[in-house]
Amino acid sequence: MTNAAALPGQPRGEVLSGPATPRAVNVLAPNASAMTLDGTNTWILSEPDSDLAVVIDPGPLDDGHLRNVVATAERAGKRVALTLLTHGHPDHAEGAARFAELTGTHVRALDPALRLGDEGLGAGDVVTVGGLELHVVPTPGHTADSLCFHLPADRAVVTGDTILGRGTTVVAHPDGRLGDYLDSLRRLRSLTVDDGVRTVLPGHGPVLEDAQGAVEFYLAHRAHRLAQVETAVEDGYGTPGEVVAHVYADVDRSLWPAAELSVRAQLDYLQEHGII
């Protein structure tokens with residue numbers, strides 16, 4: 001049996017709905033798959049003594065799940081006052097419009113197409129609701145519109161798909177770009193070093209107790225994969241599909257289409273930097 005403390009980021013055991021930090025509660029969506037792991041984590045954030053809450057990533061368009069999020073907040077004596085999105089992928093954002101109907105909230109996101117209301121989100125923004133303070137951290141790379149939310153009071157960061165609770169994420173080419181993603185990981189590393197962030201509240205998978213360890217693992221993984229892709233090209237593997245079959249031979253073939261997105265992003269990066 002593997003000791004979770006020995007794994008990258010020190011995952012907190014099983015993925016369960018419920019409290020994760022003094023201000024964060026997870027409601028797990030019933031959309032488990034190879035790509036979404038145990039399902040989408042929908043985060044309810046609030047100050048302990050406040051009756052107002054923020055919800056990040058309502059998740060898929062599943063009315064039962066969306067109503068469960070509302071009910072979970074209400075059982076804690078909270079009213080959902082605002083909805084935020086880490087990015088626009090359907091497993092995070094498809095239910096946002098319906099959730100806004102259920103709660104009467106605005107939806108704030110980086111992408112204007114995802115917003116309901118006048119306010120978006122951008123670098124340096126600070127969202128405050130009922131005394132809760134969230135700092136918006138731009139983290140493009142997985143997608144162009146990816147954001148993280150720094151929760152200083154809990155020394156935590158909500159990462160969407162930028163960092164997962166298990167495994168690694170896809171650089172979703174062509175919208176996602178590897179150079180942007182590496183910069184975003186370095187930005188998150190600075191939060192762990194300079195701002196004391198310790199806990200990762202991911203979009204999928206378990207809570208991570210060692211944020212810096214998780215970021216360092218991701219950076220090392222990306223460097224390793226990039227070197228593998230470069231070597232594969234030098235050895236004559238000419239197409240993205242051929243590179244995937246060679247470099248990701250030990251990965252479940254059902255994940256190869258997603259792996260090809262990352263490979264295409266890596267090939268673009270190598271070409272842009274004159275390496276291949």
Side-chain angles (χ1 to χ4, degrees), residues 12 14-32 36-109 114-121 125-136 147-161 165 199-208:
R12 190 187 293 173
E14 295 181 33
V15 179
L16 296 173
S17 292
T21 71
R23 292 166 180 79
V25 174
N26 180 32
V27 182
L28 183 64
N31 62 332
T36 61
L37 305 181
D38 309 86
T40 300
N41 294 333
T42 294
W43 291 103
I44 303 173
L45 306 180
S46 65
E47 284 295 314
D49 58 354
S50 173
D51 62 354
L52 300 178
V54 174
V55 165
I56 299 178
D57 289 352
L61 185 54
D62 180 309
D63 216 59
H65 170 65
L66 300 177
R67 291 182 181 277
N68 186 30
V69 175
V70 175
T72 300
E74 290 178 343
R75 284 195 297 270
K78 314 285 185 179
R79 176 177 66 82
V80 179
L82 181 63
T83 303
L84 304 176
L85 297 177
T86 62
H87 65 296
H89 279 168
D91 56 314
H92 293 258
E94 187 182 37
R98 174 58 178 152
F99 189 71
E101 289 179 2
L102 292 173
T103 58
T105 60
H106 289 170
V107 177
R108 296 182 64 182
L114 299 171
R115 301 172 190 167
L116 292 174
D118 296 330
E119 287 189 285
L121 292 170
D125 286 350
V126 178
V127 177
T128 56
V129 172
L132 182 78
E133 184 177 291
L134 288 170
H135 295 242
V136 178
L147 299 171
C148 293
F149 297 94
H150 176 202
L151 178 57
D154 283 349
R155 301 170 78 183
V157 60
V158 180
T159 55
D161 283 354
T199 304
V200 172
L201 306 176
H204 305 278
V207 171
L208 299 178

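Only this structure's heavy atoms are used, side chains among them; waters, hydrogens and symmetry mates stay out.
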Q: Using the side-chain contact (heavy atoms from CB on, under 4.5 Å) criterion, which residues pair with P202? Sequence neighbours excluded.
A: N41, W43, T159, V200
Q: List in chain and number order the residues that pass ring-ring contact (aromatic ring centres under 6.0 Å, His included) with H87, two or more places apart in sequence or in another chain; answer none if no residue qualifies.
A: H89, H92, H142
Q: Does the side chain of T72 come within less than 4.5 Å of I44's, by heavy atoms?
A: yes
Q: Between T128 (side chain) and G131 (backbone), is there a donor-acceptor pair under 3.5 Å?
A: no
Q: Just so I know, are the side chains of I56 and T42 near enough to count as touching, which here means a heavy-atom distance under 4.5 Å?
A: no
Q: To the nearest 0.5 Å, tell me how far R108 CZ sits from L114 CG.
A: 14.0 Å
Q: Do the non-hydrogen side-chain atoms of V158 and L45 ever get within less than 4.5 Å of each other?
A: yes
Q: Can you tell me which residue among L28, N31, V27, T40 is in a side-chain contact (heavy atoms from CB on, under 4.5 Å) with H65?
A: V27
Q: State the CG-CG distance between L116 and L85, to the nearest 0.5 angstrom.
A: 9.0 Å
Q: Answer whether the closest heavy-atom distance between the side chains of T36 and H204 falls below 4.5 Å.
A: yes
Q: Is there any salt bridge (Lys or Arg N to Asp or Glu O under 4.0 Å) pair reaching into residues 21-32, and which pairs are they, with sequence neighbours excluded?
A: R23-E47, R23-D154
Q: With sequence neighbours excluded, what pairs up with E119 under the side-chain hydrogen bond (donor to acceptor under 3.5 Å, both in side chains) test?
A: none
Q: Using the salt bridge (Lys or Arg N to Asp or Glu O under 4.0 Å) criterion, which residues pair with D38? Sequence neighbours excluded.
A: R166
Q: Looking at residues at least two apart in the chain, or sitting in another chain, which of them share a side-chain hydrogen bond (donor to acceptor under 3.5 Å, both in side chains) with T103?
A: T105
Q: Let me have the donor-acceptor pairs involving side chains of residues 48-55, under 3.5 Å, with sequence neighbours excluded, atom names and distances please.
A:
unit_1, atom_1, unit_2, atom_2, d
S50, OG, L52, N, 3.0
S50, OG, G130, O, 3.3

Q: Give me the atom names and distance for the closest heavy-atom approach of F99 to L66.
A: CE1-O, 3.7 Å
Q: Grab the two heavy atoms, one from V107 and one from A100, that are nearest each other, plus how far apart they are.
A: CG2-CB, 3.9 Å
Q: Are any of the side-chain heavy atoms of L132 and L151 separated by less than 4.5 Å?
A: yes
Q: CG/L121 to CG/L84 distance, rounded to the nearest 0.5 angstrom?
A: 5.5 Å
Q: Quick one: list whatever passes side-chain hydrogen bond (donor to acceptor under 3.5 Å, both in side chains) with H150, sequence neighbours left out.
A: none
Q: Which pairs with one or both residues in residues 70-94 pass salt bridge (Lys or Arg N to Asp or Glu O under 4.0 Å), sequence neighbours excluded?
A: none
Q: Flag the pair L201 / T21 as yes when at least one side-chain heavy-atom distance between them is below 4.5 Å, and no otherwise.
A: yes
Q: Using side chain to side chain donor-acceptor pair (under 3.5 Å), reason through T86 and D57 one step at a time and then give a plain yes or no.
A: CA-CA 7 Å; T86 62; D57 289 352; 2.7 Å; yes
Q: So, do L82 and V127 sit near enough that their side-chain heavy atoms are less than 4.5 Å apart?
A: yes
Q: Identify, with sequence neighbours excluded, every residue that meets salt bridge (Lys or Arg N to Asp or Glu O under 4.0 Å) alongside R98.
A: D63, E101
Q: Taking salt bridge (Lys or Arg N to Asp or Glu O under 4.0 Å) as the test, write out the residues that go with R12, two or more places apart.
A: E209
Q: Does some side-chain heavy atom of F149 sit less than 4.5 Å from a side-chain heavy atom of V157?
A: no
